[in-house]
Amino acid sequence: MTVQTLSVDIPCAGKYPIHIGKGALELLPSVLEGASSCAVVTNHSLARLYGEALAEKLGAAMISVPDGEQYKTLQTVSTLYTQFIDVGLDRRSVVIALGGGVIGDMAGFAAATYLRGVRFVQVPTSLLAMVDASVGSKVGVDIPQGKNLIGAFKDPLAVIIDPSVLATLPDVEWRCGVAEVIKKGLIRDPQLLESGLYQRAQPDGGELAEGFIRRAVQIKVDVVTADPFEENIRAYLNLGHTFGHALENVSEYRVRHGEGVGIGLIAAARLSAKVGLCAPSLAHQVEQLVQSVGLPTRLGHYDIEAIYAAMGTDKKRQGKSVRFVLLRQAGDPVLRADIPAETVIAVLDGLRG
Ligand SMILES: NC(=O)c1ccc[n+]([C@@H]2O[C@H](COP(=O)([O-])OP(=O)(O)OC[C@H]3O[C@@H](n4cnc5c(N)ncnc54)[C@H](O)[C@@H]3O)[C@@H](O)[C@H]2O)c1
Ligand SMILES: [Zn+2]
């Protein structure tokens with residue numbers, strides 16, 4: 001077992017380990033030591049694949065919810081509270097969030113609010129959740145007005161990233177995770193883009209995957225450690241997300257998060273070039289990267305005005321203006337809240353089809 005441990009360590013706030021490597025799941029019993037009881041929270045598909053066996057091994061209760069972003073809602077959280085009570089979770093219990101970002105966000109939010117907060121462990125099973133959603137302590141749910149508009153900061157007890165589970169991850173979900181890796185390269189580590197590591201890696205949880213997962217997680221750790229509550233540089237992690245979240249929302253979540261991020265990265269780079277912040281060649285490079293992993297590069301048939309309107313309710317807005325993360329070059333992001341609506345709409349228009 002070659003598990004390596006990174007650590008989020010924020011003075012006056014939280015500290016928790018991130019265990020990464022094949023076999024990391026074996027560490028769960030020691031992480032849970034001292035808990036009065038535990039519940040594995042997952043979705044129906046992952047319950048069959050991993051959840052039931054894990055709950056049995058840990059002597060934990062098993063709770064599952066329907067699979068999909070459309071269920072990342074307060075209604076589902078409410079069913080979780082009921083089941084937490086039914087299985088007898090108390091203040092010394094631990095919730096184990098086993099799944100992709102949807103489960104991590106939602107089970108984490110339920111844990112943050114049940115009995116004013118019980119402990120929880122993140123066990124991400126999708127590439128996207130491993131490299132992004134499980135680290136950084138943001139948990140929450142969607143409401144009809146927009147994504148992640150209800151939420152909390154809640155540190156997990158630990159994050160356990162065991163790439164073995166990637167063996168069952170569908171290809172399309174692998175690609176979605178790569179979108180968040182490209183994002184990290186664009187804001188912080190241009191070499192990660194050049195290395196092409198993530199393109200060669202097979203979705204089998206092999207050593208190659210482990211290497212770039214660790215590197216992507218380290219970037220997130222560095223950023224959230226420097227700015228845990230998104231007062232400044234953490235906002236850079238939202239590159240592509242103002243566009244992406246709006247598209248997800250308008251598509252009623254038929255567009256996956258990672259797909260929205262991929263298209264959003266292209267839109268953000270094009271917008272950066274349009275306002276003269278970066279060379280047009282960067283926008284081409286971003287588009288090629290997104291295309292090379294097989295992610296969609298166009299908005300499809302969704303209504304441009306509706307997408308623009310949805311950006312107005314995205315959390316990234318400040319006051320009345322929409323705030324964008326733009327790029328001066330790869331590795332050099334900047335926040336801008338002064339972009340005229342016509343300019344944004346022109347960029348969206350160029351991505352039709
Ligand atoms: N909290 C944060 O900081 C943060 C950051 C990024 C994204 N997010 C959130 O994460 C969510 C997206 O996460 P996601 O892309 O993981 O989506 P997801 O949770 O819907 O998972 C995608 C699909 O893959 C399946 N799956 C997951 N692991 C699997 C495995 N090992 N084998 C087989 N199938 C598997 C899931 O059942 C699901 O059908 C969005 O809601 C987004 O807002 C949160
Ligand atoms: Zn994201």
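Counting convention: from 1, in listed order, for ligands and their atoms alike. All figures in this text were calculated on a predicted structure; none of them were measured in a lab. Just so you know, these numbers use all the heavy atoms, side chains as well, and skip hydrogens, waters and symmetry mates.
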Within the side chain of [X], is there an N or O that forms a donor-acceptor pair under 3.5 Å with the backbone of [Y]?
{"X": "Thr242", "Y": "Phe324", "result": "no"}
{"X": "Asp142", "Y": "Asn148", "result": "yes"}
{"X": "Lys184", "Y": "Gln218", "result": "no"}

Taking a 3.5 Å cut-off between nitrogen or oxygen atoms, can you list every pair linking ligand 1 to the protein, with distances?
residue  : atom   : partner : partner atom : Å
ligand 1 : 1 (N)  : Asp105  : OD1          : 2.9
ligand 1 : 1 (N)  : Lys138  : O            : 2.9
ligand 1 : 3 (O)  : Lys220  : NZ           : 3.4
ligand 1 : 13 (O) : Gly101  : N            : 3.1
ligand 1 : 16 (O) : Gly101  : N            : 2.8
ligand 1 : 16 (O) : Ser126  : OG           : 2.5
ligand 1 : 19 (O) : Gly101  : N            : 3.1
ligand 1 : 19 (O) : Val102  : N            : 3.0
ligand 1 : 28 (N) : Thr125  : O            : 3.3
ligand 1 : 28 (N) : Thr125  : OG1          : 2.7
ligand 1 : 31 (N) : Thr125  : O            : 3.1
ligand 1 : 31 (N) : Val165  : O            : 2.9
ligand 1 : 32 (N) : Thr168  : O            : 3.4
ligand 1 : 32 (N) : Thr168  : OG1          : 2.7
ligand 1 : 37 (O) : Asn43   : ND2          : 3.0
ligand 1 : 37 (O) : Asp67   : OD1          : 3.3
ligand 1 : 37 (O) : Asp67   : OD2          : 2.9
ligand 1 : 39 (O) : Asp67   : OD1          : 3.0
ligand 1 : 39 (O) : Asp67   : OD2          : 2.9
ligand 1 : 41 (O) : Glu69   : OE1          : 2.5
ligand 1 : 41 (O) : Glu69   : OE2          : 3.2
ligand 1 : 41 (O) : Lys72   : NZ           : 2.8
ligand 1 : 41 (O) : Lys147  : NZ           : 3.3
ligand 1 : 43 (O) : Lys72   : NZ           : 3.2
ligand 1 : 43 (O) : Lys147  : NZ           : 2.8
ligand 1 : 43 (O) : Asn148  : ND2          : 3.4

Checking side-chain polar atoms at under 3.5 Å, does [X] have a donor or acceptor matched by the opposite partner on [Y]?
{"X": "Asn238", "Y": "Glu230", "value": "yes"}
{"X": "Tyr16", "Y": "Ser137", "value": "yes"}
{"X": "Thr82", "Y": "Thr79", "value": "no"}

Can you give me every donor-acceptor pair (side chain of residues 94-104, partner residue at least two apart or in another chain, under 3.5 Å) with its distance?
none

Is the shortest side-chain N to carboxylate O distance from Glu52 to Arg48 below 4.0 Å? no
Scan for side chain to side chain donor-acceptor pair (under 3.5 Å) pairs involving residues 261-283, sequence neighbours excluded, and state none if there are none.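 Found Arg270-Glu287.
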Can you list, by chain and residue number, the protein N, O or S atoms under 2.8 Å from the Zn ion (ligand 2)? Glu180 OE2, His241 NE2, His257 NE2
